[in-house]
Visitor: 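This is the structure I want to talk about, given as structure tokens.
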2 protein chains.
Amino acid sequence: MPPDGLHRASGDATEGARARLLAAAERLFAERGMAGAGLREITAAAGTNLAAVNYHFGSKEKLLEALFTQRARPIVAERLRLLALCRPGRGRPPMLEQILHAFLRPAFSHGAEFGRLRARLSVESEALYRRILSDTFDASTRTFLDAVVAALPALPRAEVTWRFHFMLGTMVSSMANSGRIQSVSDDAIDPAEPEAVLARLIPFLAAGFRAPLPKPPKPRETAPAPGTRPAARRRRP
Amino acid sequence: MPPDGLHRASGDATEGARARLLAAAERLFAERGMAGAGLREITAAAGTNLAAVNYHFGSKEKLLEALFTQRARPIVAERLRLLALCRPGRGRPPMLEQILHAFLRPAFSHGAEFGRLRARLSVESEALYRRILSDTFDASTRTFLDAVVAALPALPRAEVTWRFHFMLGTMVSSMANSGRIQSVSDDAIDPAEPEAVLARLIPFLAAGFRAPLPKPPKPRETAPAPGTRPAARRRRP
DNA sequence: GTTTCTTTCAAACGATCGTTTTATACAGGT
DNA sequence: ACCTGTATAAAACGATCGTTTGAAAGAAAC
């Protein structure tokens, strides 16, 4: 019988199996996906029995939830710590680059496997995965959206929100491909080091955030190019 | 017995089953992933028998390959067509925004499901999936990288390559989340329309591409922020 | 009609899936 | 020793997986 609902959440000496299961699940979920990584493979990599996952966590899905609630906490904490350290620029709000650094650095410096796993969940459409991501990262993300909005007083909040989502996509995709960009281009580009990625990513994103406002929505009919399908069945509310 | 290797590749009147299987696979692969979507679910959605996939395509993986080689061709063709239409700006090379539009528009206007499927494969690490993406899109992508390099003569090619990868990540993530951005922010942000996304995405990316060069690599130890450790696991606090 | 090729169908194949069950080993408290 | 709760072990559960088989249906040519 399992111990209790929290499954001995307090620190213990015999946490070996739990920790090894979390590490193995992090690696294999990131490599093969949630549906692709089997419990037998995970438990074999962790050196435990097959039943260990259901005993310690309750189910495969609960294992993923426990993995996220553990790995995300230090990332979110360091983000907020770095954000609090941001000093204002010449004007009142902190420099945009500082905010972006506080947001992006913890995401890149807490393990590439977890970054790949986050990227996997971010393209998932199942409700469980979207809820896990939302529960673990939405609060701090909203805090940083507010900070970026404050740092860009010339832009309306809606526009900053768009660009913030673009930034999230760039971040997630860079985390997913961290360590392997070899395709397209034979240039020496080796984003294994988080600092090397951030040194290029932050100026790129900061310039994008500071881009002038695009022209307001011209409601004109642009004739779609030949061969393009309508691409969307839009539901009428 | 299957007809032959190409399985009647030429247009035929009785292509109903093949086409319906491709459409159903596109939707379900995008929704549940390659490992998550079963052949029974796909064939049921297509209105065919379970054995139809193995008869018409040979295997589940071959179905995915056939799906990509069919869906990617019009996208790549329209990309190159729009690129050829790009007119030079004041200087010699075409405007960066025109190039980005030629690259991004076909990706967003050829079906949201296929965009989500591309996003799924882009975070996959298995060799088959990376090869499918590489075979279908790498050639045209390299052409556009060259065009962007030519449009930004002040930047070294390596830096443009970094930013091009950032752009690919933003594009893929925006395709994956097309139609559902509702998280983070309650602002009215509805990226169902491709043109609405492009109108915001292209200025954002163009400004990022035109960002000044980041400071050259500080070759020595820059003291990392306190508390941040280089991605390793840490001991009990 | 028959013959031949193509496509569809129902059924089954072995393998693997997540989960559960049953039993066993090992603690510490009394 | 005895009991009690915790952790691991091996085996089996039913379900689903991708694939294959062999027969039946359909279509066109003769």
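The model shown is predicted, which means the values in this text are computed figures rather than measured ones.
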Visitor: Round to the nearest Å and state the distance from B/R18 atom CZ to C/dT8 atom C1'.
Guide: 16 Å
Visitor: Which residues pass the ring-ring contact (aromatic ring centres under 6.0 Å, His included) test with B/F103, sequence neighbours left out?
Guide: B/F144, B/F164
Visitor: Taking side chain to side chain donor-acceptor pair (under 3.5 Å) as the test, write out the residues that go with A/R131, two or more places apart.
Guide: A/E65, A/D135
Visitor: Give every pair of a protein N or O atom and an N or O atom of nucleotides 23-28 of chain C that lie under 3.5 Å apart, one pair per line with the distance.
Guide:
none

Visitor: For A/R71, which residues count as a salt bridge (charged side-chain N to carboxylate O under 4.0 Å, His left out) partner, sequence neighbours excluded?
Guide: A/E26
Visitor: Tell me which pairs pass salt bridge (Lys or Arg N to Asp or Glu O under 4.0 Å) where either residue lies in residues 28-43 of chain B, with sequence neighbours left out.
Guide: B/R27-B/E31, B/R32-B/E41
Visitor: Look for any protein N or O under 3.5 Å of an N or O in nucleotides 11-18 of chain D and output each such pair with its distance, or none.
Guide:
from	atom 1	to	atom 2	distance (Å)
D/dG18	OP1	B/K60	NZ	2.5
D/dG18	OP2	B/L39	N	2.8
D/dG18	N7	B/R40	NH1	2.9
D/dG18	O6	B/R40	NH2	2.7

Visitor: Would you say D/dT6 has OP1 or OP2 under 4.0 Å from some side-chain N or O of A/H56?
Guide: no
Visitor: State which residues pass ring-ring contact (aromatic ring centres under 6.0 Å, His included) with A/Y129; sequence neighbours excluded, sorted by chain then number.
Guide: none
Visitor: When the ring planes of B/F137 and B/F68 are compared, do they come out parallel, tilted or perpendicular, using 30° and 60° as the limits?
Guide: perpendicular
Visitor: B/N49: which residues meet the side chain to side chain donor-acceptor pair (under 3.5 Å) condition with it, sequence neighbours left out?
Guide: none
Visitor: Using atom names, set out every protein N or O paired with an N or O of nucleotides 24-26 of chain D below 3.5 Å, distance rounded to 0.1 Å.
Guide:
none

Visitor: Could you tell me which residues satisfy side chain to side chain donor-acceptor pair (under 3.5 Å) with B/R163, sequence neighbours excluded, listed by chain and number?
Guide: B/E159
Visitor: Whole-Å distance between D/dA7 C1' and A/L21 CG?
Guide: 12 Å
Visitor: Taking only residues two or more places apart in sequence, or in another chain, which ones meet B/R120 in a salt bridge (charged side-chain N to carboxylate O under 4.0 Å, His left out)?
Guide: A/E124
Visitor: Mind calculating the distance between CZ (A/R20) and C1' (D/dT8) to the nearest angstrom?
Guide: 11 Å
Visitor: With sequence neighbours excluded, tell me which residues meet side chain to side chain contact (heavy atoms under 4.5 Å, CB included) with A/V160.
Guide: A/L145, A/V148, A/V149, A/L152, A/L155, A/F209
